[in-house]
Protein chains: 2
Amino acid sequence: MSDHSPAFHDHNHDTCTHDVLHHAEELVRRDGIRLTPVRRRTLEILVSEHRAMGAYEVLDRLAADGFGNQPPVAYRALEFLVEHGLAHRINRLNAFAACMHPGEAHSPLFLICQACEAVAEAPSDPVRTAVEQAAAQHDFAVERVNIEVLGTCPACAGDAKEC
Amino acid sequence: MSDHSPAFHDHNHDTCTHDVLHHAEELVRRDGIRLTPVRRRTLEILVSEHRAMGAYEVLDRLAADGFGNQPPVAYRALEFLVEHGLAHRINRLNAFAACMHPGEAHSPLFLICQACEAVAEAPSDPVRTAVEQAAAQHDFAVERVNIEVLGTCPACAGDAKEC
DNA sequence: CTACCTATTGTTATATTATATCATACTAGT
DNA sequence: ACTAGTATGATATAATATAACAATAGGTAG
């Protein structure tokens, strides 16, 4: 892990933290989802780190905050967040990250740096369209799309050149 | 698991088996890759089933054929095949499948049926283009793209209607 | 052809990730 | 307060994956 993690560019972290939690609150009002203490704290942890975190890493944090310290505690909270579009699961890394475009209809597209493991989430509407077309050729009804791109982030590409 | 697995449509399985193995042989000649007995057998297993298989499932088959019966045996062979484009890893399922479009430059796009777990591999050149563009906006250098689409295959969609 | 080097395989052990299950506690609606 | 549905806590275990080292096979320079 490195210090390149918070996406690949500087950003106002207070703003994105606020946006995500605000969106969650809205779902509480609008859809009646239950943002219980564990779930809320789990989301806060993901947002505050702003990177892909393993379930056991999240679990450690939760335990430190006085929640249960057994795997299901973390997995259940994470699953809940994913189900409601507040977080994503990044299969390639067996990890989770808060959704940084909450509410927007989008198929998450993850840019995963192989050097520093930073993960950026990009909007992907044109990609989604292309995917739908490919699926249509197989008479396949799309429900969820997960796109994971492996490569090198600008920071690490720069590091490599310096050597 | 169900009987919908071999992609979503009937196909001439002899042909696709032949194509894949033929391509592998070509790599042996062209690139000097070493298609050892375990590796060859692993590819044959994946092709003959024509579906996503877990590493331990592959391992059982290999062991039955007299190869080692410890996890690394399967993982190493599978990793080799993935590296050389002869197989793909489907993260969502922690599973592997023979590449059915060997040799074609393509970013694999998997259509995964949530009902029967069948997996189809679709070519995805337009998708790839869209992905490259999204990545470019982040100055991200793409190396590998993995697209996994969850949904319902035509067979299962039909089944659902019948009820 | 032999000695060496490298890639591959076999084996043991263990790490990491994830889920099933059941008991307990909370929440909302009546 | 009662009850039906949810959510949490805790125990146990399953499923997936890798590290590390020994043994073997294959190619190649001398």
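Quick note on labels: first sequence line is chain A, next is B, and so on, each numbered from 1.
Distance A:D65 CG to D:dT8 P: 15 Å, rounded to the nearest Å. Look at CD on A:E79: it is 8 Å from P on C:dT19, rounded to the nearest Å. Rounded to an integer number of Å, the gap from B:R92 CZ to D:dT16 C1' is 16 Å. Remark: C1' of D:dA10 and CG of A:L62 are 15 Å apart, rounded to the nearest angstrom. Regarding B:Q70, its CD atom lies at a distance of 16 Å from the P atom of D:dA23, rounded to whole Å. In this structure, B:L59 atom CG and D:dT18 atom P are separated by 14 Å, rounded to whole Å. What separates CG of A:L78 from P of D:dA7 is a distance of 15 Å, to the nearest Å. Between the C1' atom of D:dT8 and the CZ atom of A:F80 lies a distance of 14 Å, rounded to the nearest Å.
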Report task. Decide side chain to side chain contact (heavy atoms under 4.5 Å, CB included) for A:N146 and B:I147; before the verdict, give the C-alpha distance in whole Å, the side-chain angles of both, and the deciding distance to 0.1 Å. Result -> CA-CA 6 Å; A:N146 187 268; B:I147 303 172; over 6 Å; no
**Report entry** Test log, rule side chain to side chain contact (heavy atoms under 4.5 Å, CB included), inputs B:L111 and B:L109
**Finding:** CA-CA 7 Å; B:L111 303 173; B:L109 185 159; 3.6 Å; yes
Report task. Determine, stepwise, if the pair A:E49 / A:R61 fulfils salt bridge (charged side-chain N to carboxylate O under 4.0 Å, His left out). Result -> CA-CA 11 Å; A:E49 291 284 336; A:R61 308 290 202 92; 2.3 Å; yes
Requested in this report: I would like to know whether A:Y75 and A:Y56 meet side chain to side chain contact (heavy atoms under 4.5 Å, CB included); could you show each step before the answer?
Outcome: CA-CA 9 Å; A:Y75 280 102; A:Y56 281 76; 3.6 Å; yes
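Shown for residues 32-40 of chain B: residues whose heavy atoms fall under 4.0 angstrom of DNA chain C, namely B:R34, B:T36, B:V38, B:R39.
For the helix from C:dC1-D:dG30 to C:dT30-D:dA1, the rotation axes defined at the first and last 5 base pairs enclose an angle of 30°, given to the nearest 10°.
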Short N/O separations, protein against nucleotides 15-18 of chain C, under 3.5 angstrom:
residue : atom : partner : partner atom : Å
C:dA18  : OP1  : A:R89   : NH1          : 3.4
C:dA18  : OP1  : A:R89   : NH2          : 2.0
C:dA18  : OP2  : A:Y75   : OH           : 2.9
C:dA18  : O5'  : A:Y75   : OH           : 3.3
C:dA18  : N7   : A:Y56   : OH           : 2.6
C:dA18  : N6   : A:Y56   : OH           : 3.3

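In the set D:dT11, D:dA20, D:dG9, the nucleotide with an atom closest to the side chain of B:R76 is D:dA20.
Two residues are said to be in side-chain contact when any heavy atoms from C-beta on lie closer than 4.5 Å; B:V119 and B:I90 meet this criterion. Looking at B:L27 and B:R30, their side chains come closer than 4.5 Å, going by heavy atoms from C-beta outward.
Of the possible donor and acceptor atoms, one in the side chain of A:E148 sits under 3.5 Å from a partner among the backbone N and O of A:N91. A donor-acceptor pair under 3.5 Å links the side-chain atoms of B:E121 to the main chain of B:M100, judged by distance alone. A:R39 places a side-chain N or O within 3.5 Å of a backbone atom of A:R34 that can act as its donor or acceptor partner. In this structure, the side chain of B:H50 does not engage the main chain of B:L46 through any donor-acceptor pair within 3.5 Å.
Ring centroid separation for the pair A:F96 and A:H88 does not come in under the 6.0 Å cut-off.
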